[in-house]
Every structure is written in structure tokens, then in C-alpha cells.
*Asks:* 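Let me give you the structure first, and then I'll get to my questions.
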Amino acid sequence: MSRKPIIAGNWKMNLLQSDAKALYEGISSFVSNYSAVQLPSVVIAPVFTCLNQVKEIPCDCGCNGTKLAVAAQNCHWESSGAYTGEISVEMAKDAGCSYIIIGHSERRQYFSETDEMINKKAKAILAGGLIPIICCGESLEQRESGITDSWIASQIRAALDGISSEDVAKSVIAYEPIWAIGTGKSCDATEANRVIKMIRGVVADVAGQSAADSIRILYGGSVKPSTIEEQMAQSDIDGALIGGASLKADSFNEIIEKTMKVAV
Ligand code: 13P
């Protein structure tokens with residue numbers, strides 16, 4: 001089963017418009033050297049106020065692919081209304097996004113996002129024709145108390161509840177152990193692969209084997225140019241969701257380049 005890898009940069013709450021423009025230019029000039037067939041699916045997720053500084057780059061080789069796609073870092077599930085501070089799926093699409101990250105541990109932790117909210121967001125994103133990047137992950141305490149697998153499985157079951165197999169197949173999951181985010185301490189690649197395989201098993205259970213074979217499941221947490229090759233060499237890791245190392249064109253481009261060598 002060959003799944004096209006995804007290299008996604010989550011810029012989190014960083015960069016002003018001029019910095020975002022410069023970073024976008026550094027990445028876009030790199031991906032322009034290749035066709036979408038050679039590249040992984042490259043995705044960048046700037047803050048909302050910088051979405052006007054970046055844009056999707058369609059491939060020009062006739063393959064109908066995309067060299068660079070844009071993601072929003074969050075959305076609301078309602079289409080419009082009195083929800084101060086929120087943006088809808090349609091608004092993200094209007095701003096050029098084709099992916100939306102949901103359920104990031106930082107949103108679960110600091111903004112009290114629940115599994116139920118994440119499920120509503122996933123449904124709204126798919127109904128709007130965009131692709132959700134659904135994040136999951138355990139804390140250090142959960143890992144040390146041996147409940148990693150049951151915790152992650154319950155996050156995934158809740159996020160995918162009531163979504164058709166066809167829509168699950170198009171979705172993306174990112175396994176991001178909380179203790180590996182921003183710490184410089186990446187999860188061991190074989191352990192990340194084991195958890196991702198377990199997640200794929202949960203997807204097979206809720207949406208069938210064909211959806212499980214198609215869905216792309218990424219690893220996130222201190223991914224760097226020095227870790228990506230081992231991560232991409234694993235059987236079930238389909239790419240990476242990258243924070244810190246996506247904020248510099250050099251390191252992000254190096255991750256893309258190494259992914260092309262190992263996995264595309
Ligand atoms: P770091 O790559 O900075 O650890 O962040 C990972 C992450 O949270 C991406 O969403």
C-alpha cells in the first residue's frame with residue numbers, strides 16, 4: 001500500500017507578515033525545483049493573519065498535483081454567526097486553505113477543546129471539502145502509567161465518530177506525544193511506528209481496512225532534519241507534522257528533501 005507522504009509545518013503562534021512572506025518564499029522557491037510527483041504533499045500552516053502572505057502552488061507538469069498547500073491551525077464547526085474570535089471552514093477555504101489542523105494538544109490543553117468539539121470540527125471540514133489533520137497524543141504521565149494506547153484509541157474513536165469510511169480515508173491523523181513537542185526529545189522512531197500501527201488498527205475497526213490502508217498518519221514532536229530519515233523509513237509513518245523546524249526554510253526544506261530520498 002503506497003501512501004503519499006505529507007510534510008506539514010505548523011507555524012503555531014509565530015511570525016509577523018513580513019517574516020511569513022520570507023519563509024514562504026524560501027519554501028516555495030525550493031519546491032518549485034520539483035514536480036508534485038517527486039515531492040511529498042507539502043503543507044504549511046501559518047497564523048490566520050499571515051494566510052494572505054502564502055498561497056497554494058499547483059504543479060505545472062500536468063499531474064494535477066500541488067507542490068505546496070496551505071492549512072489553517074483551527075476552525076469552528078458552525079458556518080457563521082456570533083462566535084467572536086473564531087473562523088469557519090468556508091472562511092479558511094476562502095483564504096486559500098485546503099487542510100485544517102484540529103485537536104492539537106495545545107488547543108486541548110490551553111483552550112479546553114474536547115473530543116466532541118474535535119469530532120464536530122472534523123465533520124464540518126470534510127463537509128466543506130477540506131482535509132482535517134486530526135491530532136492526538138498522550139502526556140508523559142499517561143505514558144508512564146501505561147495507558148498510552150487506550151488513551152490514543154479513545155481520542156481517535158471519538159474524533160472519527162459518525163464519519164463515513166470514504167471521508168475517513170481522505171483524512172490525516174497526526175500522532176504527537178505531548179512530551180515530545182518542543183522538547184527536542186523526539187519519540188523513538190520504532191515506538192512512534194508501533195503507536196501509529198495501533199492507530200491504523202483502530203481506524204480499520206471503525207471505518208474498515210480500506211480506509212485504514214488509505215489514511216495518512218503522521219508523527220509529530222521534535223522532528224528535525226536529523227530524525228526524519230529514520231522516521232520515514234518506518235512501515236506506518238506517513239510523514240511529519242513539524243513545529244520548530246518548520247520555522248526556518250533551510251531546516252524545513254532539508255526535511256522535504258530527505259523525505260523525497262527515503263519515501264516518495
Ligand atoms: P515541535 O516540532 O516544535 O516539537 O512541534 C511539534 C508540533 O506540535 C507540531 O504540531
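Atoms within each ligand, like the ligands themselves, are counted from 1 in listed order. When a residue number appears, it is its place in the shown sequence, counting from 1. Side chains are part of it too, since the values below use all heavy atoms of this structure and drop only hydrogens, waters and symmetry mates.
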*Asks:* At under 4.0 Å between heavy atoms, which part of N10 makes contact with ligand 1: side chain, backbone, both or neither?
*Replies:*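 Just the side chain.
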*Asks:* Under 4.0 Å from a heavy atom of L241: give me the atoms of ligand 1 that qualify, with their elements.
*Replies:*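 Here the atoms of ligand 1 in question are 9 (C), 10 (O).
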*Asks:* Just to confirm my output: which protein heavy-atom neighbour is closest to atom 2 (O) of ligand 1, and how far is it?
*Replies:*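 It is G243 N, 2.9 Å.
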*Asks:* Is I44 linked to I101 within one hydrophobic cluster, defined over Ile, Leu, Val, Met, Phe, Trp and Tyr using a side-chain heavy-atom separation of less than 4.5 Å?
*Replies:*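 Cluster IDs for I44 and I101 differ.
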*Asks:* Considering distance alone, does some N or O of S222 sit under 3.5 Å from an N or O of ligand 1?
*Replies:*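 Checking ligand 1 against S222, an N or O pair does fall under 3.5 Å apart.
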*Asks:* With no hydrogens and no angle check, just 3.5 Å: does a side-chain donor-acceptor pair link H104 and Q73?
*Replies:*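 Checked: H104/Q73 side chains show no N/O donor-acceptor pair below 3.5 Å.
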*Asks:* What are the two closest heavy atoms between A169 and A211, and how far apart are they?
*Replies:*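 For A169 versus A211, the nearest heavy atoms are CB-CA, 4.0 Å.
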*Asks:* How about K197 and N193: does a side-chain donor come under 3.5 Å of a side-chain acceptor?
*Replies:*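 Side-chain D/A pair, K197 to N193: absent.
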*Asks:* Which of these, E25, Q17, K21, sits in a side chain to side chain donor-acceptor pair (under 3.5 Å) with Q53?
*Replies:*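 Result for side chain to side chain donor-acceptor pair (under 3.5 Å) with Q53: Q17.
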*Asks:* If only side-chain N and O atoms count, and only distance matters, is there a donor-acceptor pair under 3.5 Å linking S105 with Q109?
*Replies:*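 No.
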*Asks:* To which of K224, E106, H104 does the heavy atom nearest atom 10 (O) of ligand 1 belong?
*Replies:*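 Answer by nearest heavy atom: H104.
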*Asks:* Can you list the ligand 1 atoms lying under 4.0 Å from a non-hydrogen atom of E176?
*Replies:*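 Those qualifying, in numeric order: 6 (C), 7 (C), 8 (O), 9 (C), 10 (O).
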*Asks:* For atom 4 (O) of ligand 1, which candidate among S105, G182, A45 holds the nearest heavy atom?
*Replies:*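 It is G182 that holds the nearest heavy atom.
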*Asks:* With heavy-atom distances below 4.0 Å as the criterion, list the atoms of ligand 1 near A180.
*Replies:*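 Contacts of ligand 1 toward A180, numbered from 1: 4 (O).
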*Asks:* Would you check if there is a donor-acceptor pair between the side chains of E138 and W179 at a distance under 3.5 Å?
*Replies:*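 There is such a pair between these side chains.
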*Asks:* Measure the distance from atom 3 (O) of ligand 1 to every protein heavy atom, then report the residue, atom name and distance (to 0.1 Å) of the closest one.
*Replies:*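 Atom 3 (O) of ligand 1 sits closest to the protein heavy atom G244 N, 2.8 Å.
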*Asks:* Can an N or O of G220 be found at a distance shorter than 3.5 Å from an N or O of ligand 1?
*Replies:*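 Between G220 and ligand 1, no N or O pair is found under 3.5 Å apart.
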*Asks:* Is there a path from V43 to V70 through hydrophobic residues (I, L, V, M, F, W, Y) whose side chains come within less than 4.5 Å of each other?
*Replies:*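 They do not share one cluster, since no chain of ILVMFWY contacts under 4.5 Å joins V43 to V70.
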*Asks:* Starting from atom 5 (O) of ligand 1, what is the nearest protein heavy atom, named by residue and atom, and what distance separates them?
*Replies:*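 Protein heavy atom at minimum distance: K12 NZ, 3.3 Å.
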